[in-house]
Amino acid sequence: QVQLRESGGGSVQAGESLRLSCAASPGTIGRYSMAWFRQVRQKGREGIALIGTDGETKYADSVKGRFTISKDNTANTLYLQMNGLKPEDSAMYYCATDRYGGARNLVLHPTNFENWGQGTQVTVSK
């Protein structure tokens, strides 16, 4: 059974950086396409970054150029480096696996992903 656990969130000021981690059960990171989503209370989950099994990445326009998704298959860990944080980046951040066993060219939409972690909160103040 796939298990994911996010960490690394916190409270920072605008312009600062954070690195989120997603610890996965063994074999997960190399087997699936992995993604980061975020959610503000009472709004839907927004897909922000994806990395395929081949390392190909995709980003939402809202974070392109500021956030970097990466992974370490050996360590079974997914990362999200967030630079130049803005107040509008404040949200609960989640990692997830694709639901198709490593499909490519996925749309960053929650319906294409599963095995959500519990989330880690990021708060950015002005």
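What you see is a predicted model, and the numbers here were worked out from it, not measured in a lab. For reference, positions follow the sequence shown, starting with 1.
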Quiz item: Which atom names give the shortest non-hydrogen contact between K58 and N105, and what distance separates them?
Solution: NZ-C, 4.1 Å
Quiz item: Do we see a donor-acceptor contact under 3.5 Å between the side chains of D72 and T77?
Solution: no
Exercise. Please examine the side chains of R38 and V63, heavy atoms only from C-beta on, and report whether any two atoms are closer than 4.5 Å.
Key: yes
Quiz item: For Q81 and R19, does a side-chain donor sit closer than 3.5 Å to a side-chain acceptor?
Solution: no
Quiz prompt | Minimum side-chain heavy-atom gap Y32-V2 below 4.5 Å | solution = yes
Practice problem: Using the side-chain contact (heavy atoms from CB on, under 4.5 Å) rule, take L20 and V122 through it: C-alpha gap first, then chi angles, then the decisive distance, then the call. | Solution: CA-CA 9 Å; L20 305 184; V122 172; 4.1 Å; yes
Self-check item: Short side-chain to backbone donor-acceptor contact, S25 and Q3, under 3.5 Å
Solution: yes
Practice problem: Looking only at non-hydrogen atoms, find the nearest pair between L85 and R66 and report the distance. | Solution: CA-NH1, 3.9 Å
Quiz item: Distance only, no hydrogens: is a donor on one side chain within 3.5 Å (strictly under) of an acceptor on the other, for E46 and S62?
Solution: yes
Quiz prompt | Donor-acceptor contact present, side-chain W36 to main-chain L78, <3.5 Å | solution = no
Exercise. May I ask you to check if R99 and F113 form a cation-pi contact, with NZ or CZ under 6.0 angstrom from the six-membered ring centre and within 45° of the axis?
Key: no
Self-check item: Under 3.5 Å: donor-acceptor pair, side chain of S33, backbone of A103
Solution: yes
Quiz item: Taking it one step at a time, do V124 and Q13 satisfy side-chain contact (heavy atoms from CB on, under 4.5 Å)?
Solution: CA-CA 5 Å; V124 185; Q13 294 188 324; over 6 Å; no
Quiz item: If you take all heavy atoms of K126 and P87, which pair is closest and at what distance?
Solution: CG-CG, 3.7 Å
Quiz item: Do you know the tightest heavy-atom contact between L80 and A49?
Solution: CD1-CB, 4.1 Å
Quiz item: What's the shortest heavy-atom distance between F37 and P110, and which atoms?
Solution: CE2-N, 3.5 Å
Quiz item: To the nearest 0.5 Å, what is the distance between CD (E16) and NZ (K86)?
Solution: 15.5 Å
Quiz item: Judged by atom type as modelled, is there a donor-acceptor pair below 3.5 Å linking the side chain of S90 to the main-chain atoms of T123?
Solution: no
Quiz item: Do I48 and I51 belong to the same hydrophobic cluster, where Ile, Leu, Val, Met, Phe, Trp and Tyr are linked whenever their side-chain heavy atoms lie under 4.5 Å apart, directly or via other members?
Solution: yes
Quiz item: Rounded to the nearest 0.5 Å, how far does CE of M92 lie from CD of Q118?
Solution: 8.5 Å
Quiz prompt | Joint cluster assignment, M82 & Y59, ILVMFWY side-chain distance < 4.5 Å | solution = yes
Quiz item: Above 12 or not: heavy atoms from other molecules or residues under 6.0 Å from CZ of R5?
Solution: no
Quiz item: Can you tell me if N76 uses its side chain to pair, donor with acceptor, with the backbone of A23 under 3.5 Å?
Solution: no
Quiz item: Under 3.5 Å, side chain of K71 to main-chain N/O of G52, donor-acceptor pair present?
Solution: yes
Exercise. Can you measure from NE2 (H109) to CZ (R45) and round to the nearest 0.5 angstrom?
Key: 12.0 Å
Quiz item: N83 side chain to S17 main-chain N or O, any donor-acceptor pair under 3.5 Å?
Solution: no
Exercise. Considering only NZ, NE, NH1 and NH2 on the basic side and carboxylate oxygens on the acidic side, decide whether K64 and D61 come within less than 4.0 Å.
Key: yes
Practice problem: Run the numbers on L4 and T97 for side-chain contact (heavy atoms from CB on, under 4.5 Å), then give the verdict. | Solution: CA-CA 9 Å; L4 303 174; T97 70; 4.1 Å; yes
Quiz item: Does the N112 side chain pair with the main chain of L106, one donor and one acceptor, at a distance under 3.5 Å?
Solution: no
Self-check item: Mutual orientation of the aromatic rings belonging to Y93 and F67 [parallel < 30°, tilted 30-60°, perpendicular > 60°]
Solution: tilted
Practice problem: Would you check if T28 and M34 make a side-chain contact, meaning some heavy-atom pair closer than 4.5 Å? | Solution: yes
Quiz prompt | Over all atoms of both residues, closest heavy-atom pair of A91 and V40 | solution = CB-CG2, 3.9 Å
